[in-house]
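Structure first, commentary second.
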Amino acid sequence: MVRVLIIGNSVLPEQNVVDNLVHCCDKIIACDGAVEQCLDFSIKVDYVIGDMDSLESITMEKLSEMDIEVHKINDQNNNDLQKAINFSNLIGAERIDIIGVEGGSNQHQFASYWCLFETEVESYIHLSDSIVSVVKNAEVSLSIEKDKEFSIFAIGNCDGVNVSGGKWQLSNEKLSPNSRGLHNLANLDTITISCNNGILLVFRSR
């Protein structure tokens, strides 16, 4: 499995989370100015993706000298995270992990969640307090510590929603966009979620 780690130009989760993801990935993509933060933390980056408007203390030429492949993409229809996800698909990613998207503009953070809907491969956003993923017309099993909270939100109308492994379970339910799925509680170390038709956004507490 080809695992790609995408690092955004914002706040990173705890160091142990970052270290584990860096250790497990095959390729690392920095979104634009995030490469400078990566260099500060001695994270070896393979690619830099974006319109390069956020570089402050390093030039594109210097990055090339460091054997970092730079892809300047002047596409205003997609943010840098979406550009990095698109590039991940081009290099054969089978799993994408994303960090560095919390903090800063709420608008940018909200857009990050929507980027998850645009990829067909297994993808996760790692926040300081939770892991975010999607369920699209499928069944998935997700690991979680027992007694930890998780939440499920419908993106549009969803049919045939099932949830097991939590205190409150669902069986062939219809969900619409609301707060109904907030704060369930895991009573097993694996939760299983399925959706026959639609998209669910899942938050698992660390």
Check this for me: does any side-chain nitrogen of one of [X] and [Y] sit under 4.0 Å from a carboxylate oxygen of the other?
X	Y	answer
Glu173	Arg180	yes
Asp97	Arg3	yes
Glu120	Lys136	yes

Aromatic centroids of Tyr113 and Phe203 separated by under 6.0 Å: yes

Any donor-acceptor pair under 3.5 Å linking the side chain of [X] with the backbone of [Y]?
X	Y	value
Asn187	Gly166	yes
Ser151	His183	yes
Thr119	Cys115	no
Glu145	Asp189	no
Asn162	Asn172	yes

Supply the atom-to-atom distance [X] [atom1] to [Y] [atom2], rounded to the nearest 0.5 angstrom.
X	Y	atom1	atom2	value
Leu201	Phe117	CG	CZ	5.0 Å
Lys83	Asn74	NZ	CG	7.0 Å
Gln82	Cys31	CD	SG	10.5 Å
Asp26	Arg95	CG	CZ	11.0 Å

Phe87 and His71 aromatic ring geometry - parallel, tilted or perpendicular at 30°/60° bounds: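 It falls in the tilted class, 30° to 60°.
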
Whether His126 and Tyr124 hold their rings parallel, tilted or perpendicular, with breakpoints at 30° and 60°: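 Plane angle between 30° and 60°, so tilted.
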
Verdict with reasoning, Ile6 to Ile85, per side chain to side chain contact (heavy atoms under 4.5 Å, CB included): CA-CA 8 Å; Ile6 298 175; Ile85 289 173; 3.8 Å; yes

Considering all heavy atoms, the nearest [X]-[Y] contact:
X	Y	result
Asn137	Asn197	OD1-CA, 3.3 Å
Leu200	Cys158	CD2-SG, 3.8 Å
Ile199	Cys195	N-SG, 4.3 Å
Val45	Ile68	O-CG1, 3.5 Å
Leu12	Gly100	CD2-CA, 3.7 Å
Ser205	Ile144	O-CG1, 4.3 Å

Audit row: Ile91, Val4, side chain to side chain contact (heavy atoms under 4.5 Å, CB included) steps and yes/no: CA-CA 9 Å; Ile91 62 175; Val4 173; 4.1 Å; yes

Cut-off 3.5 Å, side chains only: do [X] and [Y] have a donor facing an acceptor?
X	Y	value
Ser10	Glu102	no
Ser143	Thr190	no
Ser176	Asn157	no
Asn78	Asp75	yes

Quick one, [X] and [Y] - any side-chain contact, counting heavy atoms below 4.5 Å?
X	Y	result
Arg204	Leu142	yes
Lys167	Asn184	yes
Ile125	Ser112	yes
Leu175	Leu170	yes
Val17	Arg206	yes
Leu21	Ile99	yes
Ile28	Ile43	yes
Ile7	Leu5	yes

Is it the case that one hydrophobic cluster holds both [X] and [Y], taking links as side-chain heavy atoms less than 4.5 Å apart, direct or via other members?
X	Y	value
Phe41	Val22	yes
Leu182	Ile152	no
Trp168	Ile191	no
Phe150	Val134	no
Leu81	Ile29	yes

Criterion side chain to side chain contact (heavy atoms under 4.5 Å, CB included) against Ser88, the qualifying member of Val121, Ile98, Ile96: Ile96

Criterion side chain to side chain contact (heavy atoms under 4.5 Å, CB included) on Val132 and Leu127, from CA distance to verdict: CA-CA 8 Å; Val132 188; Leu127 305 175; 3.7 Å; yes

Tell me if the [atom1] atom of [X] is crowded by more than 12 foreign heavy atoms within 6.0 Å.
X	atom1	answer
Gln107	CD	no
Asn178	CG	yes
Glu94	CD	yes

Derivation of the side chain to side chain contact (heavy atoms under 4.5 Å, CB included) call for Asn86 and Ile73: CA-CA 11 Å; Asn86 293 343; Ile73 304 174; over 6 Å; no

